Amino acid sequence: MRLATWNVNSAKSRLPRLLPWLDQRAPDVVCLQETKLSDDDFAATLGTALAERGYAVAHHGQGRWNGVALLSRVGLDDVVRGLPGEPVFTDGGLTEPDARAITATCGGLRVTSVYVPNGREPADPHYPFKLRWLAALRDMVAAGDPATAVVAGDMNIAPTDDDVWNRPAFEGSTHVTPDERAALTALGATGLRDVMRERWPDERVFTYWDYRAGRFHQDQGMRIDLVLAGDVPADRRAAVWVDRAARKGKSPSDHAPVLLDLDDAPDGDAGPVVPPPSSPAPLVRKA
DNA sequence: ATGGCCTTGTTACAAGGA
């Protein structure tokens, strides 16, 4: 089973990159972030193309900002939008929570696609909001079965100083503060493992590069898109990698996808058997 | 030393990103 996460920075504008990527990499479960579409617009824009490829879809959007989705070819059950008790950014006059998390059971795993708040600056009210949101995420994972959980997405936290290209450049910025890293540690303490760092403990691994200043070309990025996996999926890890090719070329997202390949479960239970779609999508689609 | 870009909505910028 192949699971992927990708902050696409607008599903609509990324459509010419997203659909060929799905055909090329053929992930079974996809966590998307920053779709920047309402549920209706997501269905209208991508629904048919995803159904043709055999994906069941669950989207949690609000329109202009944020928006997360789950695509699955191995079942998509018990969908939950948002986080129980998640904070609302009332400082900004909002009365509804942002669309930043969606959870479903896919292939026997409890998968959450997350778009963690940016935080802006440590002195900004968005920063404590980010910490409160992360606490709500931790609580949800702890209340479930962490062993079978996968939390994947744009965490907007670099776990260590090795996860940013130039630590001094981030002095005084969010994404590297002790409080954010403590929140990430608390989330991991529920029983989730950073499978990328387990596999590549000493490598330079980035998932995001600013559009400006030729950052990608110089590999000056950050590792902020994480796959945090409970013991059941983490122990089945066959491969985990950053799809840098998706960050190249015409009109890319500023984030690259992260892919996790899992071996079949040792007892032979690879999750529910899902029949192929009524009109199977060809492996390579005509232009 | 600083900033460089991209997306959205709306129509010359503003907001947001990280």
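Residue numbers start from 1 in every chain, and the chains themselves are labelled A, B, ... in the order their sequence lines are given, proteins ahead of strands. The shown structure was predicted, so the numbers you read here are calculated from the model rather than taken from an experiment.
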query: Would you say A:Y208's side chain and A:N156's backbone share a donor-acceptor pair under 3.5 angstrom?
result: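 Answer holds: no.
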Under 3.5 Å: donor-acceptor pair, side chain of A:R247, backbone of A:D254: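 Yes, because the side chain of A:R247 sits within donor-acceptor range (under 3.5 Å) of the backbone of A:D254.
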For [X] and [N], what is the distance between atoms [atom1] and [atom2] respectively, to the nearest whole Å?
{"X": "A:H175", "N": "B:dG17", "atom1": "NE2", "atom2": "C1'", "value": "8 Å"}
{"X": "A:Q220", "N": "B:dT2", "atom1": "CD", "atom2": "C1'", "value": "15 Å"}
{"X": "A:E121", "N": "B:dG16", "atom1": "CD", "atom2": "C1'", "value": "12 Å"}

With a non-hydrogen cut-off below 4.0 angstrom, is [X] in contact with a base, only sugar-phosphate, or nothing?
{"X": "A:Y115", "answer": "sugar-phosphate"}
{"X": "A:N156", "answer": "sugar-phosphate"}
{"X": "A:Y208", "answer": "sugar-phosphate"}

query: With the sugar-phosphate defined as primed atoms, P, OP1 and OP2, and the base as all remaining atoms, what B/S/- string results for nucleotides 6-15 of chain B, 5' to 3', for protein heavy atoms under 4.0 Å?
result: SSBS----BB
- prompt: Under a 4.0 Å N-O cut-off, is there an ion pair linking A:D163 with A:R181?
  reply: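 Result for this pair is no, no salt bridge flagged.
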message: Check this for me, if you would: do A:R197 and A:D162 make a salt bridge, where the nitrogen-to-carboxylate-oxygen distance has to be below 4.0 angstrom?
response: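 The answer is no: the pair does not qualify as a salt bridge.
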message: Does A:E121 have more than 12 heavy atoms from other residues, nucleotides or ligands lying within 6.0 Å of its CD?
response: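 Open: at most 12 neighbouring heavy atoms sit under 6.0 Å from CD of A:E121.
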field: Residue met sooner reading DNA chain B from 5', once A:A213 and A:H255 are mapped to nucleotides
entry: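 Per heavy-atom nearest nucleotide, the more 5' residue is A:A213.
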task: Give a yes/no on whether any side-chain N or O of A:Y127 is located under 4.0 angstrom from OP1 or OP2 of B:dA18.
output: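 No, no such contact exists.
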query: Has A:H126 got a side-chain N or O lying under 4.0 Å from the OP1 or OP2 atom of B:dG16?
result: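 No, A:H126 has no side-chain N/O under 4.0 Å of OP1/OP2 on B:dG16.
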message: Using side-chain hydrogen bond (donor to acceptor under 3.5 Å, both in side chains), reason through A:E34 and A:N9 one step at a time and then give a plain yes or no.
response: CA-CA 5 Å; A:E34 282 207 88; A:N9 186 12; 5.9 Å; no
